[in-house]
Amino acid sequence: MAHRTEVIKNNLNPVWRPFKIPLQSLCNGDLEKTIKVECYDYDNDGSHDLIGIFETTMSKLNQASRSMPMEFECINEKKKKKKKSYRNSGVVSVKHCQIVKEFSFLDYIMGGCQMNFVVGIDFTGSNGDPRSPDSLHYISPNGVNEYLTAIWSVGLVIQDYDTDKMFPAFGFGAQVPPSGQVSHEFPINFNPSNPYCAGIHGVVDAYRACLPQVKLYGPTNFSPIINHVAKFAAEATQQKTASQYYVLLIITDGVITDLDQTRHAIVNAAKLPMSIIIIGVGGADFSAMEFLDGDNGALRSPTGETAIRDIVQFVPFRNFAQAPKEALAQSVLAEVPQQVVSYFNTYKLKPPNDSATK
């Protein structure tokens, strides 16, 4: 199996980006298995040029040290055939090698990591009067709307990874009883001391009971609920193991008001054990949601700080209106496992019960 590395400082004494060799490729940890390493001259446009190839074993690489580096001649076979005087295309000097165990998503789940699922529901006026069939909150005679379908579809999948099946659920953008003040993070069961709902069915029941008691209003602010969940994720970082991870599901009609504050909140949340899923319902312009997703480049805060991870996944519900409900859940949750793994691996956190993963 070939493993690629690349020059990150291009001069006569190049600096090499550290490269990883998955131990699965080494016949269950056979450190004597031959490894082929390809070295490329990196180009921004992706048209990297092969410098040369060398072969080694993990056993040899593991002997490398700064005082006694392991050196390997990089051979380019095409150049070797063209020039009789050809010796090599350079020498790679390895001064350090470290074998590190990287855990998979299932390793973390089976090892005791608790996935915490939080729901945020948009109750702003742009959704339309819930009593009108044109409203996104209108519950049809067969008992559904896009909000309920999204909650069921995603919740039924993710609840299997949540140990206690108790889900805090919040609304934002509505005037709430008894004062009628606008709130951007109110528990939909109206119990601030215990916003948890028992299972996805409990979230659905709380949503149905909440809807006639609130007045849809505005504006549409995401940052309060993101910051609310981020506080709990920040507390989880006090643990020395991968014990907690938070997934916030926001269901919205897409007309966001506090974009700059939300960008700042997401950049901060990217440093925490937390992911954000946004499902856009209705036919609105979702360009702001797609911008937050960061798939076309790292999200930046208004001050220019770059998110260290991509933690937002945006999916428009209309793309799945005619698809099986499993399709929506699959698309929405596609990036979460890798986001979990990347966070815990970045901070070198092991599952609480590491022995359970062996």
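Residue numbers run from 1 in the order of the sequence given.
The number of heavy atoms from other shown groups lying within 6.0 Å of CZ (Arg318) is above 12. Within 6.0 Å of CD on Gln330 lie no more than 12 heavy atoms contributed by other residues, nucleotides or ligands. Within 6.0 Å of atom OH in Tyr138, more than 12 heavy atoms from other residues, nucleotides or ligands are found, so the atom counts as buried in its surroundings. Under a cut-off of 6.0 angstrom, the local environment of CD in Gln181 is sparse, with at most 12 non-hydrogen atoms contributed by other residues, nucleotides or ligands. Counting heavy atoms of neighbouring residues, nucleotides and ligands inside a 6.0 Å radius, atom NZ of Lys350 does not exceed 12 of them.
Between Leu156 and Ile200, the closest heavy-atom pair is N-CG1, 4.0 Å. Taking all atoms of both residues into account, the shortest heavy-atom contact from Val94 to Phe72 is CG2-CE1, 3.9 Å. In terms of heavy atoms, Phe320 sits closest to Ala327 at CE2-O, 3.6 Å. Closest of all the heavy-atom pairs between Lys95 and Pro69 is CG-CB, 3.9 Å. The two residues Ala265 and Ile226 have their closest heavy-atom pair at CB-CG2, 3.8 Å. Residues Ile256 and Phe222 come closest through the heavy atom pair CD1-CD2, 3.6 Å.
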>> For a side-chain hydrogen bond (donor to acceptor under 3.5 Å, both in side chains) check, start with the C-alpha distance between Asp49 and Ser47, then their side-chain angles and the critical distance, and finish with the verdict.
In response: CA-CA 6 Å; Asp49 301 312; Ser47 58; 5.6 Å; no

> Can you list the steps and then say if Phe167 with Tyr196 is a ring pair (Phe, Tyr, Trp, His ring centres under 6.0 Å)?
Replying inline: CA-CA 5 Å; Phe167 306 121; Tyr196 293 88; 9.1 Å; no

>> Before you tell me yes or no, could you show the steps for Leu328 and Val315 under side-chain contact (heavy atoms from CB on, under 4.5 Å), namely the whole-Å CA-CA distance, both residues' side-chain angles and the distance that decides it to 0.1 Å?
In response: CA-CA 8 Å; Leu328 174 64; Val315 174; 3.9 Å; yes

> How far apart are the C-alpha atoms of Glu305 and Lys271, what are their side-chain angles, what is the distance that settles it, and do they pass the salt bridge (Lys or Arg N to Asp or Glu O under 4.0 Å) test?
Replying inline: CA-CA 12 Å; Glu305 183 182 359; Lys271 305 168 189 173; 2.8 Å; yes

>> Apply side-chain hydrogen bond (donor to acceptor under 3.5 Å, both in side chains) to residues Ser135 and Asn127 and explain how you reach the verdict.
In response: CA-CA 6 Å; Ser135 172; Asn127 284 277; over 6 Å; no

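In this structure, the side chains of Asn62 and Cys97 come closer than 4.5 Å at one or more pairs of heavy atoms. In this structure the side chain of Asp122 reaches within 4.5 angstrom of the side chain of Thr220, judged on heavy atoms. With contacts defined as side-chain heavy-atom distances shorter than 4.5 Å, the pair Val336/Gln313 does not qualify.
Judged by distance alone, the side chain of Arg87 and the main-chain N or O of Glu73 form no donor-acceptor pair under 3.5 Å. Judged by distance alone, the side chain of Asp293 and the main-chain N or O of Phe314 form a donor-acceptor pair under 3.5 Å. Asp164 places no side-chain N or O within 3.5 Å of a backbone atom of Gln114 that could act as its donor or acceptor partner. Although no hydrogens or angles enter the test, the distance criterion places no donor-acceptor pair under 3.5 Å between the side chain of Asn345 and the main chain of Lys348. When atom types are taken as modelled, the side chain of Asp162 and the backbone of Gln159 share no donor-acceptor pair closer than 3.5 angstrom. Checked by atom type and distance alone, the side chain of Lys79 never pairs as donor or acceptor with a backbone atom of Ser89 at under 3.5 Å.
Note that the CZ atom of Phe170 and the CG atom of Leu248 stand 9.5 Å from one another [nearest 0.5 Å]. Distance check: Ser342 OG to Glu102 CD gives 10.5 Å after rounding to the nearest 0.5 Å. Rounding to the nearest 0.5 Å gives a distance of 8.0 Å between CG of Leu333 and OH of Tyr161. Here the CZ-CD distance, from Phe123 to Gln213, works out to 10.5 Å after rounding to the nearest 0.5 Å. With rounding to the nearest 0.5 Å, the separation of CG in Leu50 from CD1 in Ile75 is 11.0 Å. Distance check, rounded to the nearest 0.5 Å: SG of Cys210 to CG of Asn189 gives 9.0 Å.
Judged as a salt bridge (Lys or Arg N to Asp or Glu O under 4.0 Å), and not counting sequence neighbours, Arg309 has no contacts. Every residue meeting the side chain to side chain contact (heavy atoms under 4.5 Å, CB included) condition with Gln98, not counting sequence neighbours, appears here in chain and number order: His96, Val100. For Ser65, the side chain to side chain donor-acceptor pair (under 3.5 Å) criterion is met by Ser67, not counting sequence neighbours. Listed by chain and number, the residues in a ring-ring contact (aromatic ring centres under 6.0 Å, His included) with His264 amount to none (sequence neighbours excluded).
In this structure, Val154 is a member of the same hydrophobic cluster as Phe105, with clusters built from ILVMFWY side-chain heavy atoms closer than 4.5 Å. Cluster membership for Tyr343 and Val267, using ILVMFWY side-chain heavy atoms within less than 4.5 angstrom, is not shared. Linking ILVMFWY side-chain heavy atoms closer than 4.5 Å, directly or via other members, places Ile266 and Phe232 in a single hydrophobic cluster.
Between Phe186 and Phe190, the ring-plane angle classifies as parallel under the 30° and 60° cut-offs. In this structure, His48 and Tyr40 have perpendicular ring planes: the angle between them is above 60°, well past the 30° mark. Classified by interplanar angle (parallel below 30°, tilted 30° to 60°, perpendicular above 60°), the ring pair Tyr147/His137 is parallel.
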Contacts under 3.5 angstrom, residues 237-244 side chains, donor-acceptor by atom type, not counting sequence neighbours:
{"residue": "Thr237", "atom": "OG1", "partner": "Ala234", "partner atom": "O", "Å": "2.5"}
{"residue": "Gln244", "atom": "OE1", "partner": "Asn116", "partner atom": "ND2", "Å": "2.7"}

Under 3.5 Å, sequence neighbours excluded: what are the donor-acceptor pairs made by side chains of residues 273-282?
{"residue": "Ser275", "atom": "OG", "partner": "Tyr245", "partner atom": "OH", "Å": "2.6"}
{"residue": "Ser275", "atom": "OG", "partner": "Gln339", "partner atom": "OE1", "Å": "2.6"}

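Judged purely by distance below 3.5 Å, without hydrogens or angles, the side chains of Arg263 and Ser301 never pair a donor atom with an acceptor atom. Side-chain N/O atoms of Thr262 and Asp260 include no donor and acceptor closer than 3.5 Å. Side-chain N/O atoms of Thr57 and Ser59 include no donor and acceptor closer than 3.5 Å. Side chains of Asp258 and Ser223: a donor-acceptor N/O pair is present below 3.5 angstrom, by distance only.
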